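A quick note: this is a predicted structure, and the numbers were derived from the prediction, not measured.
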Amino acid sequence: MLLRRTLLAAAVLSLTAGCFAGSQAEGPARLRVALPFAPVQSLSPWGDDGVTLTRLGIAETLVQLDADGKPQPLLAESWTRKAPTTWSFRVRAGVKFHDGTALTAAAAADALNRAAAASPVPRAIKGVGASAKATGDLDLEVSTIAPDATLPQRLSSANLVVLAPAAYQGERVSPAKAGTGPFVLPDLNVAAGTALSRFDGYWGGVPALSGVDVRFVPDGNTRAAALRAGEVDVATTVPISGLANVTAEEVPLPRTVSVLLNTAKAPFADPRLRAAVREAVDPAALAKGVYEGHADAATGVFRNTAPRQVTPTGATAGGQKIALATWSDRPELPDVATTVAESLRRKGFEVEQVVRKYSQLEPDLLAGNFDAVIFSRSYAMDSGDLAANLSLDFSCSGGFNLVKVCDPALDTAIGQALAAEDVPARQAAAMRAQDLLLATNAVVPLVHERTVIGRSGAVSGLSTDPYERLLITGRTRMS
């Protein structure tokens with residue numbers, strides 16, 4: 001997926017090669033935005049482009065998440081659990097799609113059912129057997145095969161935006177003039193950028209901006225330079241190397257950089273050598289050094305984890321040879337790998353470093369061909385559910401269990417978290433399961449990342465959504 005994005009982005013004209021699809025001359029209230037990745041031509045919400053649609057205020061979901069991962073109303077005003085496998089949602093009244101048609105429960109049900117039938121199925125609802133039906137003009141019922149306490153959180157996924165019925169044409173879906181957000185996408189010709197217009201009929205009130213001019217600029221330092229030169233008003237995902245003289249909003253992310261150790265083979269089948277890795281690294285020094293203070297030292301896989309009291313083992317590697325891998329797509333990871341490698345050498349490991357693009361690294365990664373990996377991973381992907389993240393990444397049957405850990409006690413604790421019926425109880429149980437995971441030293445957390453949104457001093461009202469699903473809203477303005 002990253003390879004697809006990189007190739008598309010490389011094909012896009014650089015910011016300095018041409019002007020925006022719109023311009024500031026059209027009015028002082030237009031916002032110029034530089035984003036890193038060009039969407040594919042179809043702009044299907046069922047893939048990575050769903051986030052582009054929500055970040056630019058084009059399309060919306062039934063539910064959104066607050067900073068703590070709790071579901072909040074958006075296109076759905078409220079919801080109740082009618083039965084273990086059935087939830088009832090009340091759709092917001094008075095909402096119009098960009099083509100002028102009204103949002104109804106039937107339209108929302110059609111959108112959800114089409115997403116559930118897509119190939120591939122969006123990750124947020126994969127395997128749950130979700131189906132929806134209207135039980136009134138504004139009453140929507142959503143069912144799953146098995147009881148699912150996190151269905152409202154699942155429906156916050158950007159892949160599950162609700163579009164106008166006319167947007168769906170067989171297997172093809174077009175979000176042009178079909179969203180409910182504050183800004184209208186005019187067409188699908190977005191390869192070099194696009195000009196969004198204000199939707200005066202927006203249910204949240206007339207947007208403060210008259211429009212948004214979007215350009216896709218793959219290089220982070222180029223985006224930052226354009227911001228400094230006054231060529232754009234907002235630049236997202238500004239790298240640390242491009243922060244000089246940039247007004248920035250830093251948003252702590254539910255994303256952790258860790259050392260993942262392959263426990264299925266030597267040397268890290270030996271718990272003493274895993275402990276040696278934990279003792280070798282210095283998260284605070286990495287946050288201060290490599291990240292120049294723009295990341296937070298990690299005490300766990302999740303933020304706000306209480307520091308563990310551990311007894312040093314004094315274990316050393318005695319010349320054990322290991323392959324330490326990471327990818328170059330995230331600019332700080334190679335430097336993290338270099339720093340960690342030096343720390344491990346001081347512990348007696350002989351370290352071979354492997355740095356590739358993620359698309360080139362992934363086959364060997366999934367095959368378990370590396371001893372250790374410096375990995376950046378969002379633990380709130382798709383639904384914001386900590387328990388689901390633990391199950392996918394660290395249970396015996398987890399589909400992305402790169403550390404190859406299989407611990408019956410950990411599996412039991414993860415199962416208890418998955419069985420919890422409300423968000424606070426589920427998160428508390430997930431934190432207890434995380435304690436068991438950390439005790440294995442199969443994963444050694446390093447830092448929690450932040451994203452940096454650069455902006456001009458005239459911009460206010462940008463969303464600082466930690467899930468990176470929102471950016472431009474109806475309240476975003478230029479002073």
Side-chain angles (χ1 to χ4, degrees), residues 1 4 39-54 58-64 71 74-76 79 81-92 95 97-99 101-181 185 188 381-385 388 391-392 399-400 469:
M1 189 64 70
R4 174 184 69 80
V40 298
Q41 194 68 17
S42 67
L43 273 172
S44 171
W46 301 329
D48 291 345
D49 293 340
V51 172
T52 301
L53 297 175
T54 58
I58 297 166
E60 298 172 311
T61 52
L62 289 169
V63 177
Q64 62 185 346
L74 193 56
L75 292 181
W79 48 87
R81 194 174 188 179
K82 294 178 59 178
T85 61
T86 305
W87 290 77
S88 178
F89 293 81
R90 180 72 174 180
V91 175
R92 190 179 297 276
V95 177
F97 292 108
H98 295 159
D99 65 2
T101 58
L103 171 66
T104 63
D110 182 54
L112 293 179
N113 287 333
R114 289 178 182 272
S119 181
V121 177
R123 290 185 303 258
I125 55 172
K126 184 177 181 179
V128 304
S131 62
K133 65 179 181 181
T135 57
D137 287 346
L138 297 174
D139 294 309
L140 173 70
E141 189 175 281
V142 183
S143 300
T144 55
I145 295 174
D148 191 338
T150 65
L151 183 66
Q153 289 98 303
R154 292 181 186 276
L155 297 187
S156 72
S157 168
N159 298 142
L160 301 179
V161 293
V162 178
L163 301 176
Y168 303 99
Q169 301 167 12
E171 295 182 357
R172 183 176 179 273
V173 55
S174 169
K177 300 178 182 177
T180 59
L185 177 71
L188 298 182
M381 191 179 298
D382 302 316
S383 67
D385 183 28
S391 180
L392 179 64
F400 203 69
R469 298 172 181 173

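Residues passing the salt bridge (charged side-chain N to carboxylate O under 4.0 Å, His left out) test with R469, sequence neighbours excluded: none. Partners of S157 under the side chain to side chain contact (heavy atoms under 4.5 Å, CB included) rule, at least two apart in sequence or in another chain, are A124, N159, L160. Under the rule for a salt bridge (charged side-chain N to carboxylate O under 4.0 Å, His left out), D99 has no partner lying at least two apart in sequence or in another chain. Every residue two or more places apart in sequence or in another chain was checked for a side chain to side chain donor-acceptor pair (under 3.5 Å) with Q153, and none qualifies. Under the side chain to side chain contact (heavy atoms under 4.5 Å, CB included) criterion, A116 pairs with I125, not counting sequence neighbours. With sequence neighbours excluded, the residues forming a side chain to side chain contact (heavy atoms under 4.5 Å, CB included) with A107 are F97, T104, P165, listed by chain and number. Every residue meeting the side chain to side chain donor-acceptor pair (under 3.5 Å) condition with D110, not counting sequence neighbours, appears here in chain and number order: R114. Looking at residues two or more places apart in sequence or on another chain, you find a side chain to side chain contact (heavy atoms under 4.5 Å, CB included) between L74 and E60, T61, Q64, W203. Looking at residues two or more places apart in sequence or on another chain, you find no side chain to side chain donor-acceptor pair (under 3.5 Å) involving R92. Scored by the side chain to side chain donor-acceptor pair (under 3.5 Å) test, D137 finds no partners at all (sequence neighbours excluded).
H98 places a side-chain N or O within 3.5 Å of a backbone atom of G181 that can act as its donor or acceptor partner.
Atom CG of L140 sits about 12.0 Å away from atom CH2 of W79, to the nearest 0.5 Å. Atom CG of residue L155 and atom OG1 of residue T150 lie 9.5 Å apart, to the nearest 0.5 angstrom. How far OG1 of T54 is from CG of D49: 10.5 Å, rounded to the nearest 0.5 Å. Summarising the geometry, atom CG belonging to L185 is positioned 7.5 Å from atom OG belonging to S174; distances are rounded to the nearest 0.5 Å. Within the model, atoms CG of L75 and CZ of F89 stand 12.0 Å from one another, a figure rounded to the nearest 0.5 Å.
Shortest non-hydrogen contact noted between A149 and P152 is O-CD, 4.2 Å. Residues V161 and Y168 come closest through the heavy atom pair O-OH, 4.0 Å. Across all their heavy atoms, L163 and V173 have their closest contact at CD1-CG2, 3.7 Å. Nearest heavy atoms, T85 versus P147: CG2-N, 3.5 Å. Between V91 and A105 the shortest heavy-atom distance is CG2-CA, 4.1 Å.
For residues 124-136, no pair satisfies side-chain hydrogen bond (donor to acceptor under 3.5 Å, both in side chains), with sequence neighbours left out. Judged as a salt bridge (Lys or Arg N to Asp or Glu O under 4.0 Å), the pairs with a partner in residues 145-161 (not counting sequence neighbours) are, in order, D148-R154.
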